[in-house]
Amino acid sequence: MAKRQTNEQRELEKKSAAILGHHVSAEKGAALLAYTALACLVPMALGLRLWQDIPLVVETGLTGPNGQDDSLPRWGLVFLLPGIFLLLDLINHAQLRRFQRAETVPPRYTRLMGRWGFPLVELPLCAWAIPSGAGRPELTGALLPLWLAGLALMIAGGCLLDCRRGDRFTLDWLPGMDDPASWHAVHRLAGFSLLTGGVLLLFAAALAPAFPLVAALLLLSMGTPVLYALLRRRGQG
């Protein structure tokens, strides 16, 4: 009886993990690990761009245990802060992979942060902290919408990378999607296209924000799968 209950609990855990969206294919898991790691590195690029404007010691306004200002050195703001988020992101991905292989539900904290949690926290924080430390807080208003747009593209790409028929977010409206091979190929390309376009948008906003460049990245990342679907449809016709 005890063994039967254990098996039932195990099946329930596997179903729960799948519903929570933390069981992904090996290809998608590796892709999201790489792309979220790149997203966590983006604030370093912004920090290098503003390096000369950031003082050697940045006052945080926080007070440490000794009652003194808990200031950050310049390298800490530019490299240490994003580096901590990068490390946490890598650890969380490894944890999700480990629990997936064991076919058990991850702990609540691991599930909460998922595969996107740390970039979603880090980028808004650094969009405020690094420009403020450089004495240029006005950059936050221009930077944050572009970083959020880049993250949105990346998350959309992750959803498309191994989506299934019947999912809410698919490209079924494109021509030729009645063919299973075309459906899979177009969605896989769309996933990588949006992931790549999103991360390039993050770096472009950090290094050289310009409307033509942003528009070109958006057009290429979203237009590539549409063009590919049309070409496949034409080839089949």
Side-chain angles (χ1 to χ4, degrees), residues 19-25 27-46 49 81-82 85-86 88-90 92-93 96 110-131 139-164 166-174 177 186-229:
I19 292 172
L20 288 167
H22 295 293
H23 277 198
V24 300
S25 65
E27 180 184 52
K28 180 174 178 178
L32 294 187
L33 172 62
Y35 279 97
T36 56
L38 286 172
C40 289
L41 292 173
V42 169
M44 294 186 187
L46 175 66
R49 172 188 161 200
L81 181 60
F85 278 97
L86 173 61
L88 292 173
D89 180 66
L90 296 177
N92 217 56
H93 277 262
L96 288 169
T110 305
R111 297 198 310 268
L112 176 65
M113 298 310 292
R115 291 179 167 83
W116 294 103
F118 288 105
L120 284 170
V121 173
E122 178 197 4
L123 290 180
L125 174 63
C126 290
W128 165 79
I130 295 178
L139 291 178
T140 299
L143 186 65
L144 186 57
L146 294 177
W147 276 5
L148 293 178
L151 282 173
L153 278 180
M154 294 177 70
I155 293 172
C159 291
L160 290 174
L161 197 55
D162 66 348
C163 63
R164 296 168 293 183
D167 288 350
R168 293 183 178 180
F169 186 59
T170 65
L171 301 177
D172 285 339
W173 50 273
L174 287 175
M177 291 298 95
V186 169
H187 281 79
R188 184 176 181 273
L189 176 68
F192 280 109
S193 178
L194 291 177
L195 282 165
T196 303
V199 80
L200 289 176
L201 179 56
L202 296 180
F203 278 103
L207 294 172
F211 177 77
L213 179 59
V214 170
L217 288 173
L218 291 173
L219 183 62
L220 282 173
S221 59
M222 292 188 288
T224 298
V226 176
L227 179 61
Y228 182 63

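- For residues 186-208, the set of pairs meeting the salt bridge (Lys or Arg N to Asp or Glu O under 4.0 Å) definition, not counting sequence neighbours, comprises E27-R188.
- L123 has its side chain within reach of P43: a pair of non-hydrogen atoms, C-beta onward, lies under 4.5 Å apart.
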(message) Please determine whether side-chain contact (heavy atoms from CB on, under 4.5 Å) holds for the pair L90 and F118, giving the CA-CA distance in whole Å, both sets of side-chain angles, and the decisive distance to 0.1 Å.
(response) CA-CA 10 Å; L90 296 177; F118 288 105; over 6 Å; no

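- Residues A229 and L174 share a closest heavy-atom pair of CB-CD1, 4.0 Å.
- For S193 (side chain) and L189 (main-chain N/O), no donor-acceptor pair under 3.5 Å exists by modelled atom type.
- The side-chain heavy atoms of V226 and L171, taken from C-beta on, include no pair separated by under 4.5 Å.
- T36 contributes a side-chain N or O that, together with a main-chain N or O of L33, makes up a donor-acceptor pair within less than 3.5 Å.
- Note that CG of L201 is 12.0 Å distant from CG of L220, once rounded to the nearest 0.5 Å.
- Residues satisfying the side chain to side chain contact (heavy atoms under 4.5 Å, CB included) test with L120, not counting sequence neighbours, are W116, L151, I155.
- Between the N92 side chain and the R115 main chain, no donor and acceptor come within less than 3.5 Å of each other.
- The shortest side-chain heavy-atom distance between T196 and S221 does not fall under the 4.5 Å cut-off.
- Interatomic distance, CE of M222 versus CG of L219, reported as 7.5 Å (0.5 Å rounding).
- Under the 4.5 Å side-chain criterion, counting only non-hydrogen atoms from C-beta, P119 is in contact with C40.
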